[in-house]
Amino acid sequence: MSVCGADAWYIAVLIYGREFKFQRIERDERIQSDLIQIEKDFWESHVLKHKMPGPDGSKLADSVLAEYFKDSRETSIPLSGFDGKLARREELAEGIEKLETEKRLIEQELKLYLGEAETAENARYRVSWKQVSSSRLDEKRLKEERPEIYEQYKKTIKSRRFTVKAA
C-alpha cells in the first residue's frame, strides 16, 4: 500500500474450489512504518553486508542453504554448543514419528472404510483414494541390457545428505 499509495487492499481466496471469500485490509500507518523499518534493517544488516540471515525453519531456508553450501570438503570441525538443540531434535523426531504413525492409522482406517470406492464426503471433508497410473524407466534393466544407452542418458545429481547420529 505504501508503494502504490492505496488506502486499502482486497485479498481474495477460493477455498477448495467451492467457497469464495474476500477481506478488505485498511491502510494502517503504524504497521506500515514497522514493516518499512524491518525491511530497512534487513537491507542494511544482510543485503549490504552480504551476510546471510539466520535460519527460520522454512523449506525455503533449506533450499537456500543447500544451494549456498552445495559443495563440501573432507574436513571435520568440533561440534560445540549444540548438545541441547540436538537433544531437542531427538525428542522432536520421536514425537513426529508417533504423530506420523497416528496419521497413517487414520488414513488406513479411511482406506478400509472406502474399500473400492474412490471418494467419500461429508459437510466438512472430502476424502479420495483414486487409482493413479504412472510410467517409470526401469533403470536397472536398462543398465543391464543396454549399458551404452544408460551411460548416454544418465544424469548425476550432487547433493549433501544431513544426518545426526549418537556418538
Side-chain angles (χ1 to χ4, degrees), residues 11-23 38-39 42-43 45-167:
I11 294 183
V13 295
L14 184 61
I15 302 169
Y16 297 117
R18 295 181 178 189
E19 184 180 358
F20 175 77
K21 289 187 174 189
F22 69 93
Q23 183 69 44
I38 291 167
E39 293 162 356
F42 183 84
W43 182 260
S45 300
H46 299 288
V47 177
L48 293 178
K49 292 181 179 179
H50 302 285
K51 181 182 175 194
M52 184 181 293
D56 62 6
S58 67
K59 290 182 180 181
L60 178 60
D62 277 340
S63 63
V64 168
L65 288 168
E67 181 62 29
Y68 195 80
F69 298 108
K70 61 184 164 193
D71 295 323
S72 63
R73 292 176 292 209
E74 287 189 41
T75 58
S76 183
I77 60 173
L79 183 62
S80 58
F82 284 95
D83 284 357
K85 287 186 179 190
L86 287 168
R88 177 65 179 145
R89 184 183 180 279
E90 278 183 329
E91 291 172 10
L92 290 169
E94 289 171 10
I96 289 168
E97 188 175 329
K98 288 177 185 175
L99 291 170
E100 286 176 343
T101 299
E102 183 179 351
K103 179 182 164 203
R104 273 193 310 275
L105 172 64
I106 292 168
E107 290 171 356
Q108 291 164 0
E109 290 171 347
L110 284 162
K111 288 174 182 178
L112 183 60
Y113 176 77
L114 280 164
E116 292 181 352
E118 285 191 344
T119 61
E121 61 183 285
N122 63 20
R124 287 187 63 193
Y125 300 101
R126 184 172 197 273
V127 177
S128 69
W129 187 29
K130 296 182 180 184
Q131 189 173 47
V132 179
S133 296
S134 62
S135 298
R136 292 186 176 89
L137 188 62
D138 186 344
E139 207 173 313
K140 182 179 177 185
R141 184 173 162 210
L142 180 63
K143 189 175 182 179
E144 289 172 359
E145 294 178 14
R146 304 292 301 270
E148 70 285 351
I149 293 176
Y150 173 80
E151 287 298 323
Q152 184 179 353
Y153 288 98
K154 78 175 181 181
K155 183 177 181 180
T156 302
I157 299 169
K158 292 183 179 181
S159 64
R160 294 179 70 181
R161 182 172 291 141
F162 182 79
T163 60
V164 176
K165 296 179 183 175

Under the side-chain contact (heavy atoms from CB on, under 4.5 Å) rule, what do I11 and F22 come out as? Steps first, then yes or no, please. CA-CA 5 Å; I11 294 183; F22 69 93; over 6 Å; no
[atom2] on [Y] to [atom1] on [X], rounded to 0.5 Å:
X	Y	atom1	atom2	value
E145	K140	CD	NZ	11.5 Å
Q152	R146	CD	CZ	10.0 Å
L142	E148	CG	CD	8.5 Å
K103	L99	NZ	CG	10.5 Å
D138	K143	CG	NZ	12.5 Å

Would you say S159 and R161 are linked by a side-chain donor-acceptor pair, where the criterion is simply a distance under 3.5 Å?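 No, no side-chain donor-acceptor pair sits under 3.5 Å.
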Taking [atom1] in [X] as the centre, count heavy atoms belonging to other residues, nucleotides or ligands within less than 6.0 Å. Is the count above 12?
X	atom1	answer
E102	CD	no
F20	CZ	yes
R160	CZ	yes
E139	CD	no
D83	CG	no

L92 versus R88: any side-chain heavy-atom pair under 4.5 Å?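 L92 reaches R88 side chain to side chain.
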Report yes if some heavy atom in the side chain of T119 is under 4.5 Å from a heavy atom in the side chain of L114; otherwise report no.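 Contact flag for T119/L114 side chains = no.
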Electrostatic pair [X]-[Y], nearest N-O below 4.0 angstrom:
X	Y	value
R104	E97	no
E19	K21	yes
E109	K111	no

Restricting to non-hydrogen atoms, name the atom on [X] and the atom on [Y] that form the minimum distance, rounded to 0.1 Å.
X	Y	value
L79	F82	CD1-CD1, 3.8 Å
E144	P147	O-CD, 3.9 Å
Y113	A120	CE2-CB, 4.5 Å

What pairs of donor and acceptor atoms, side-chain ones from residues 53-72 against any protein atom, are under 3.5 angstrom apart with sequence neighbours left out?
| residue | atom | partner | partner atom | Å |
| --- | --- | --- | --- | --- |
| D56 | OD1 | S58 | N | 2.9 |
| D56 | OD1 | S58 | OG | 2.7 |
| S58 | OG | A61 | N | 3.0 |
| S63 | OG | L60 | O | 2.8 |
| E67 | OE2 | K70 | NZ | 3.1 |

